Structure formats: structure tokens, C-alpha cells
Amino acid sequence: MAHDPIQPSEGGEDPKLASLETRIDAAQRAEADRTATPEAPMGMGRPGARQGQRVLSTLVGYPLGGGVIGWFLDGAFHTRPWIMLALLFLAFAGACFQVFNISKERSE
């Protein structure tokens, strides 16, 4: 009697079927690894998130630094609030210029 290729042998599972299941499992794992998005710290998984944080820190940090430095210079020269106001405006202009340069960069 000839061996029927569709029927499994009497010894158990068909080796071709086992091989197919093994290859399917390997392909599913490889696809899951390929499509998985790496988790970045602090929710920075989206493209451009780092660039957005740079813009935010620039727009907050430059004027804040200009204000603090201006406050101390005004105290030293007794000119409150003129040096602080001037440095605030200069720092804001510098921040806008820096944001313009950041926006020209390519996001990751």
C-alpha cells in the first residue's frame, strides 16, 4: 500500500506540518520584532518629540534666563526694571531665532 502524502503517518504528526508551524511562528516573531515601536523615555516615542521639547525649552529658558540676569543687573546698577525688560526682549528675540534654526533641522 502506498503512503498517502495528505494523511499523517502512523507515528504522529506530519513532519511537513510541524515544519510549517515552526516557520509560521518564526515569521510571526520576526514581524512582531520588525513592527514593534521602541519605547522612548518620557513619552518621546513620536517623531519630532525631541525637537518639540527643544523648542519648548528654548522659548521658556531664554526669556527666563534673560529675566533673571536682568533682575540681578538692575539690582547692581539700581535701574529697575529697565535692564531686565531689555534682556527679556533680547532673549525672546534670540529664542525666536533659535526656534527658526531648530525648525530647519530634519526631525528624527
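Each residue takes its place number in the sequence, starting with 1. Owing to the predicted nature of the structure, the values given are computational and were not obtained by experimental measurement.
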For this session: Grab the two heavy atoms, one from I83 and one from F77, that are nearest each other, plus how far apart they are.
Result: CD1-CD1, 3.9 Å
Exercise. Same cluster or not: are L90 and I69 linked, directly or through other Ile, Leu, Val, Met, Phe, Trp or Tyr residues, by side-chain heavy atoms under 4.5 angstrom apart?
Worked result: yes
Problem set entry | Closest approach of P63 to A95 (non-hydrogen atoms, all atoms of both residues) | CD-CB, 4.5 Å
Problem set entry | Spacing of E31 atom CD and I24 atom CD1 [to the nearest 0.5 Å] | 14.0 Å
Exercise. What is the distance from atom OG1 of T22 to atom CG of L17, rounded to the nearest 0.5 Å?
Worked result: 9.5 Å
Seminar exercise, completed: In terms of heavy-atom contacts, Q51 and I102 come closest through NE2-O, 2.9 Å
Exercise. Does anything in residues 57-71 pair up under side-chain hydrogen bond (donor to acceptor under 3.5 Å, both in side chains), and if so which pairs, sequence neighbours excluded?
Worked result: none
Seminar exercise, completed: By salt bridge (Lys or Arg N to Asp or Glu O under 4.0 Å), R54 pairs with (sequence neighbours left out) E105
Exercise. Hey, what do you get for CG (D74) to CG (L87), rounding to the nearest 0.5 Å?
Worked result: 8.0 Å
